[in-house]
Amino acid sequence: MWIHLLVAVLFIFTFVLGLVKHSGYTVYQMISRFCYLIFIVTGGFLAFKAFHRSPFLISLKIIIALIFIAALEYGFAKKNHKNLDQKTFKILIFIFVILILVGLLAAGGRPFM
């Protein structure tokens, strides 16, 4: 659980910098990708432990996480082609906030199992 939370802090930092910086953002994009690979592994363990408590919320979180990863890759692709707009950035932030809220609800309203 702690790995998931610590990587989340690193991910928020690198995800925003990977989309906002005008130069040298490729490193932050790669770190973000590495972070969500760790999320997939640690999230799988957490989902397995919490599935009996709330199967609907866990399933919803998995679906939203996959949508977020796809949207983030879309945002990174737009950034690499120099045509990332504010709308795409706001949608990514919105999906990320929803993902965090559903994750907290699935964990019982607190970030600990």
Side-chain angles (χ1 to χ4, degrees):
M1 183 67 196
W2 285 106
I3 293 171
H4 202 74
L5 291 173
L6 292 174
V7 172
V9 172
L10 176 66
F11 176 76
I12 292 169
F13 178 72
T14 58
F15 150 62
V16 171
L17 284 177
L19 291 173
V20 173
K21 281 192 74 159
H22 295 293
S23 63
Y25 53 84
T26 307
V27 173
Y28 297 109
Q29 290 178 354
M30 295 309 291
I31 294 170
S32 294
R33 289 178 176 125
F34 180 70
C35 286
Y36 65 68
L37 287 176
I38 294 173
F39 280 146
I40 290 170
V41 172
T42 59
F45 288 118
L46 293 172
F48 182 73
K49 290 175 83 174
F51 193 80
H52 70 281
R53 283 193 313 195
S54 180
F56 175 74
L57 285 175
I58 296 298
S59 300
L60 182 63
K61 183 172 189 297
I62 291 169
I63 291 167
I64 295 171
L66 292 174
I67 290 169
F68 177 71
I69 289 171
L72 182 61
E73 284 301 318
Y74 176 74
F76 284 163
K78 286 188 80 151
K79 175 69 177 185
N80 291 338
H81 289 282
K82 310 279 191 254
N83 61 354
L84 179 68
D85 54 348
Q86 287 291 334
K87 182 180 174 186
T88 304
F89 185 73
K90 288 178 183 178
I91 289 171
L92 283 168
I93 297 296
F94 177 75
I95 295 171
F96 189 62
V97 168
I98 296 298
L99 180 65
I100 290 171
L101 291 175
V102 171
L104 285 173
L105 285 174
R110 61 196 190 294
F112 306 104
M113 300 294 254

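For the single chain, residues carry numbers from 1 onward in sequence order.
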*Asks:* Give a yes or no on whether F39 and V41 share a hydrophobic cluster (residues Ile, Leu, Val, Met, Phe, Trp, Tyr; joining criterion: side-chain heavy atoms under 4.5 Å apart).
*Replies:* no
*Asks:* Check whether L72 and L101 end up in the same hydrophobic cluster, where Ile, Leu, Val, Met, Phe, Trp and Tyr are linked by side-chain heavy atoms less than 4.5 Å apart.
*Replies:* yes
*Asks:* Return the set of residues passing side chain to side chain contact (heavy atoms under 4.5 Å, CB included) with K90 (not counting sequence neighbours), or none when no residue passes.
*Replies:* Q86
*Asks:* Could you list the residues that satisfy side-chain hydrogen bond (donor to acceptor under 3.5 Å, both in side chains) with N83, not counting sequence neighbours?
*Replies:* none
*Asks:* By side-chain hydrogen bond (donor to acceptor under 3.5 Å, both in side chains), which residues pair with Y36, not counting sequence neighbours?
*Replies:* E73
*Asks:* Can you pull out every salt bridge (charged side-chain N to carboxylate O under 4.0 Å, His left out) where at least one residue sits in residues 54-71? Sequence neighbours excluded, please.
*Replies:* none
*Asks:* Using side chain to side chain contact (heavy atoms under 4.5 Å, CB included) as the criterion, list what pairs up with I98, not counting sequence neighbours.
*Replies:* I64, F94, V102
*Asks:* Can you list every pair that meets ring-ring contact (aromatic ring centres under 6.0 Å, His included) and has a residue in residues 42-65, with sequence neighbours left out?
*Replies:* none
*Asks:* Flag the pair F68 / L92 as yes when at least one side-chain heavy-atom distance between them is below 4.5 Å, and no otherwise.
*Replies:* yes
*Asks:* Not counting sequence neighbours, which residues clear side chain to side chain contact (heavy atoms under 4.5 Å, CB included) with A77? List them please.
*Replies:* none
*Asks:* Rounded to the nearest 0.5 Å, how far does CD1 of I62 lie from CG of L57?
*Replies:* 11.0 Å
*Asks:* Looking at residues at least two apart in the chain, or sitting in another chain, which of them share a side-chain hydrogen bond (donor to acceptor under 3.5 Å, both in side chains) with T88?
*Replies:* D85
*Asks:* Is there a chain of hydrophobic side chains (I, L, V, M, F, W, Y, each step under 4.5 Å between heavy atoms) that links I3 to I100?
*Replies:* yes
*Asks:* Could you pull out every donor-acceptor pair under 3.5 Å between side chains of residues 7-24 and any protein atom, sequence neighbours left out?
*Replies:*
unit_1 : atom_1 : unit_2 : atom_2 : d
T14    : OG1    : L10    : O      : 3.1
T14    : OG1    : F11    : O      : 3.2
T14    : OG1    : S32    : OG     : 3.0

*Asks:* Are F96 and Y25 connected into the same hydrophobic cluster when the rule is that any two of I, L, V, M, F, W, Y join if their side-chain heavy atoms are below 4.5 Å apart?
*Replies:* no
*Asks:* Supply the atom-to-atom distance N80 CG to T26 OG1, rounded to the nearest 0.5 angstrom.
*Replies:* 6.0 Å
*Asks:* Is the shortest heavy-atom distance from the side chain of F34 to the side chain of M30 under 4.5 Å?
*Replies:* no
*Asks:* Would you mind reporting whether I69 and I40 have side-chain heavy atoms less than 4.5 Å apart?
*Replies:* yes
*Asks:* Are L66 and I63 linked, directly or through other ILVMFWY residues, by side chains that come within less than 4.5 angstrom of each other?
*Replies:* no
